[in-house]
Amino acid sequence: MVKITDDYKKDKQAFAKAGIKVPTYSQEEIAKKTLAAPRWVHFGGGNLFRAFHAAIASHLIDAGKLDEGIIVVDTHDDSIIENVYKKFNNRMLRVITKADGSQDRELFAPVADAIYTGPVTDDTSSLEKLKDIFNQASLQLATFSITEKGYALKDAEGNFFAPVAHDIENEPAKPQNNMSLLVTLLLSRFKNGATPIALLSTDNFSENGDKLKDSVLTIAKAWQKNGFVDQDFIDYLSDDSKVSFPLSMIDRITPNPSETVSESLKKDGFEDADLIHTESHTTIAAFTNTEEAHYLVVEDKFPNGRPAFEDDGVIMTDRDTVNLADQMKVTACLNPLHTALAIYGTILDFKSISSEVQDPDMKRLILQIGYGEDLPVVQDPKVLSPRDFIDELVNKRLPNPYIPDTPQRIAADTSQKVGIRYGVTIQHYVDDPKRNPADLNFIPLVIATWLRYLMGINDEGEKFQPSPDPLWDDLHAQVADIKFGDANQDVHDAIKGILSNKSIFGNDLYVVGLGDKIESDFKEMLAGKGTIRKTLQKHLDEESKNFD
Ligand SMILES: NC(=O)c1ccc[n+]([C@@H]2O[C@H](COP(=O)([O-])OP(=O)(O)OC[C@H]3O[C@@H](n4cnc5c(N)ncnc54)[C@H](O)[C@@H]3O)[C@@H](O)[C@H]2O)c1
Ligand SMILES: O=P(O)(O)OC[C@@H](O)[C@@H](O)[C@H](O)[C@H](O)CO
């Protein structure tokens with residue numbers, strides 16, 4: 001058996017026997033250079049980072065195009081740092097699960113250090129360590145994959161979360177929230193030479209860089225108001241030749257590590273293949289499993305320089321192009337289809353995405369959303385063709401039975417995603433004088449099905465385990481008294497608060513003419529067992545367009 005911590009240069013053959021390609025560089029040398037002159041920090045060392053960002057760094061180092069690796073920071077989950085990074089000597093094994101059943105296995109070791117900094121208490125040592133890193137002129141960029149909720153400062157009612165409110169009232173010495181922590185680090189950099197830096201969000205948002213900038217400036221301006229920072233610091237953060245917030249589009253379906261892949265690794269002699277379920281709901285392992293297809297499009301705005309990302313396939317381009325590529329993926333050609341499969345898949349009890357898309361109703365649903373409702377309002381980013389992209393997704397990527405993805409993974413944090421995944425398309429229908437949001441059928445149906453999901457009762461009338469969501473308690477409480485088995489009850493008062501909440505959908509859905517439609521679909525799905533599928537089939541039968 002080979003362990004991930006074994007000497008991959010000396011025991012190359014043992015890794016090769018387990019089908020694992022190893023780096024040619026010395027991990028120790030790279031770590032030494034990285035710690036001496038940090039160049040790249042990454043926040044959120046979860047599965048996507050391990051499958052994508054770490055691979056880019058490792059490939060560039062291997063090719064002699066990068067001399068320093070990455071320092072990983074997690075502000076949310078200390079167990080990721082302790083039980084995955086430190087335990088496995090900051091290494092990761094990436095497994096690409098191909099459609100023919102074969103796997104590409106590759107070991108990466110570009111991470112020089114992994115630091116946990118949660119809410120800062122009397123022990124400020126990790127904060128001080130991070131400040132030292134941020135004070136160095138060599139630092140060119142920080143990247144982020146911290147989930148959509150990692151950027152949020154306010155709750156659904158528009159009030160600051162308690163840790164954010166605490167940070168705003170107190171000086172930046174002991175930040176409780178991760179965005180305040182970031183601003184604390186930037187303040188330290190500002191005071192120690194004010195060298196430029198790029199802050200690159202790689203989360204699934206339209207205009208993700210703008211969202212990051214907004215969160216950073218909201219905290220900084222609140223601190224200015226409270227006398228903790230000066231206008232000079234706000235100017236530093238606002239000047240994109242000093243601090244830039246490039247936009248990005250990132251795409252690589254990276255499911256949680258799966259038992260099947262774990263077993264295949266063990267069978268082939270790889271020892272560290274157990275899954276780790278952390279208390280903060282991350283499933284992680286020494287290995288990460290991902291798909292072959294991948295796209296990363298980044299706005300080329302790095303005021304302190306950057307690694308040669310383009311040499312490992314990253315598309316470096318201008319802001320408008322990234323924005324269009326991102327809108328294409330996140331709001332139209334991939335993620336809205338994913339969230340529809342997540343909601344229906346959970347409530348109809350599918351265990352995998354690949355099996356779900358074999359179901360004709362599910363397949364027709366995503367074709368109607370993707371080709372019928374989203375594609376007509378998508379602008380072509382030119383660097384990728386929207387039609388080719390969606391064709392590849394529905395014909396090759398989603399049906400790949402070796403991608404161990406589940407509706408339950410994708411259903412996590414749906415409240416944070418619906419505004420992006422459906423709200424932007426709804427807005428396009430609002431803005432276009434030739435279109436009317438009321439012409440949409442399947443997007444409102446998915447939203448109605450999400451309301452049914454929020455009741456916590458599946459299509460068999462049984463309770464199911466919902467995926468974690470920061471707004472679950474609040475949203476579930478709003479629909480909890482609605483009776484299952486009665487399609488004639490008045491549901492308006494119970495659901496109007498959700499459907500009119502602009503912080504969830506970006507619009508009041510009643511004002512744009514969708515509220516009544518959603519209410520009517522939702523009521524049909526209250527009639528009894530099997531009505532979620534029946535309502536979907538009714539809509540599919542009524543819709544004459546065939547996108548097969
Ligand atoms: N997995 C994918 O297929 C994929 C593909 C493209 C983009 N993304 C983006 O990357 C994000 C992360 O995906 P992943 O697969 O790495 O997830 P993951 O669950 O494996 O890891 C999530 C990471 O974010 C951190 N995190 C979670 N909540 C946080 C919070 N409130 N504040 C700060 N940090 C927080 C966790 O500690 C962990 O490091 C997604 O939410 C999405 O925006 C994922
Ligand atoms: O990662 P999330 O939670 O934003 O969304 C779940 C999936 O839709 C997402 O991870 C996709 O797999 C990814 O966007 C594909 O590139």
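Whatever order the structure lists ligands and atoms in, that order sets their numbers, starting from 1.
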Taking atom types as modelled, find out whether [X] and [Y] have a side-chain donor-acceptor pair closer than 3.5 angstrom.
X	Y	result
Ser503	Asn501	yes
Asp469	Ser415	yes
His53	Ser145	no
Gln140	Arg306	no
Ser248	Asn208	yes

### Task
Quick one: sort the Tyr453 and Phe464 rings into parallel, tilted or perpendicular, breaks at 30° and 60°.
tilted

How does [X] reach ligand 1, if at all, at less than 4.0 Å between non-hydrogen atoms: by side chain, backbone, both, or neither?
X	answer
Thr147	both
Arg409	side chain
Asp203	both
Ile146	both
Ile80	side chain
His281	neither

### Contacts of His59 that satisfy ring-ring contact (aromatic ring centres under 6.0 Å, His included) - sequence neighbours left out
Phe108

Shortest protein heavy-atom distance from [atom], along with the residue and atom involved:
atom	answer
atom 39 (O) of ligand 1	Asp74 OD2, 2.6 Å
atom 19 (O) of ligand 1	Thr282 CG2, 3.7 Å
atom 1 (N) of ligand 1	Thr254 O, 3.1 Å
atom 30 (C) of ligand 1	His76 ND1, 3.5 Å
atom 16 (O) of ligand 2	Asp251 OD1, 2.5 Å
atom 33 (C) of ligand 1	Thr75 OG1, 3.4 Å
atom 1 (O) of ligand 2	Asn204 ND2, 3.6 Å
atom 5 (C) of ligand 1	Arg252 O, 3.3 Å
atom 13 (O) of ligand 1	Leu48 CB, 4.1 Å
atom 4 (O) of ligand 2	Glu148 OE2, 2.6 Å
atom 14 (O) of ligand 2	Lys329 NZ, 2.7 Å
atom 21 (O) of ligand 1	Gly46 CA, 3.4 Å

### Task
Among Ile447, Leu509, Leu475, Thr414, find the residue that satisfies the side-chain contact (heavy atoms from CB on, under 4.5 Å) test when tested with Ile504.
Leu475

#### Entry: Pairing of Arg91 and Asp272 as salt bridge, 4.0 angstrom limit
no

#### Entry: Lys/Arg N to Asp/Glu carboxylate O, Glu263 vs Lys266, below 4.0 Å
no

### Task
I would like to know whether Asp203 and Tyr151 meet side chain to side chain contact (heavy atoms under 4.5 Å, CB included); could you show each step before the answer?
CA-CA 10 Å; Asp203 275 289; Tyr151 302 81; 2.6 Å; yes

[X] neighbourhood, listing ligand 1 atoms whose heavy-atom distance to it stays under 4.0 Å:
X	answer
Gly44	39 (O)
Ile253	3 (O)
Gly45	39 (O)
Asp77	37 (O)
Lys149	28 (N), 31 (N)
Glu148	41 (O), 43 (O)

### Task
Would you kindly check if the NZ (Lys) or CZ (Arg) of Arg397 is within the cone defined by 45 degrees around the ring axis of Phe389 and under 6.0 Å from the six-membered ring centre?
yes

#### Entry: Part of Arg409 with heavy atoms under 4.0 Å of ligand 2, whether side chain, backbone, both or neither
side chain

### Task
For Lys417, take its heavy atoms, then give the atoms of ligand 2 lying under 4.0 Å from any of them.
2 (P), 3 (O), 4 (O), 5 (O), 6 (C)

### Query
Relative to the heavy atoms of Asn335, which atoms of ligand 2 are at a distance of less than 4.0 Å?
8 (O), 9 (C), 11 (C), 13 (C), 14 (O)

## Note on the structure
Heavy atoms of Asp349 and Lys351 approach each other most closely as OD1-NZ, 2.7 Å

### Task
Determine, using heavy atoms of Arg421 and all atoms of ligand 2, whether some pair is separated by less than 4.0 Å.
yes

### Query
Going by heavy atoms, is Asp413 under 4.0 Å from ligand 2?
no

### Message
Would you say CD of Glu310 has more than 12 non-hydrogen atoms from neighbouring residues, nucleotides or ligands within 6.0 angstrom?
### Response
yes

### Message
Out of Ser145, Ala152, Pro470, Gly150, who is nearest to atom 24 (O) of ligand 1 when you count heavy atoms only?
### Response
Ser145

### Query
Out of His338, Lys417, Lys329, which residue meets the side-chain hydrogen bond (donor to acceptor under 3.5 Å, both in side chains) rule with Asn204?
Lys329

N/O donor-acceptor pairs under 3.5 Å from side chains in residues 374-384, not counting sequence neighbours:
from	atom 1	to	atom 2	distance (Å)
Asp374	OD1	Thr425	OG1	3.3
Asp380	OD1	Lys382	N	2.8

### Message
Tell me whether Asn256 has any N or O atom under 3.5 angstrom from an N or O of ligand 1.
### Response
no

### Task
Using distance alone, determine whether Asn47 and ligand 1 share an N or O pair under 3.5 Å.
yes

### Query
Does at least one non-hydrogen atom of Ile284 fall below 4.0 angstrom from an atom of ligand 1?
no

### Message
Between Asp74 and Phe49, is the side chain to side chain contact (heavy atoms under 4.5 Å, CB included) condition met? List the steps.
### Response
CA-CA 12 Å; Asp74 215 296; Phe49 167 77; over 6 Å; no

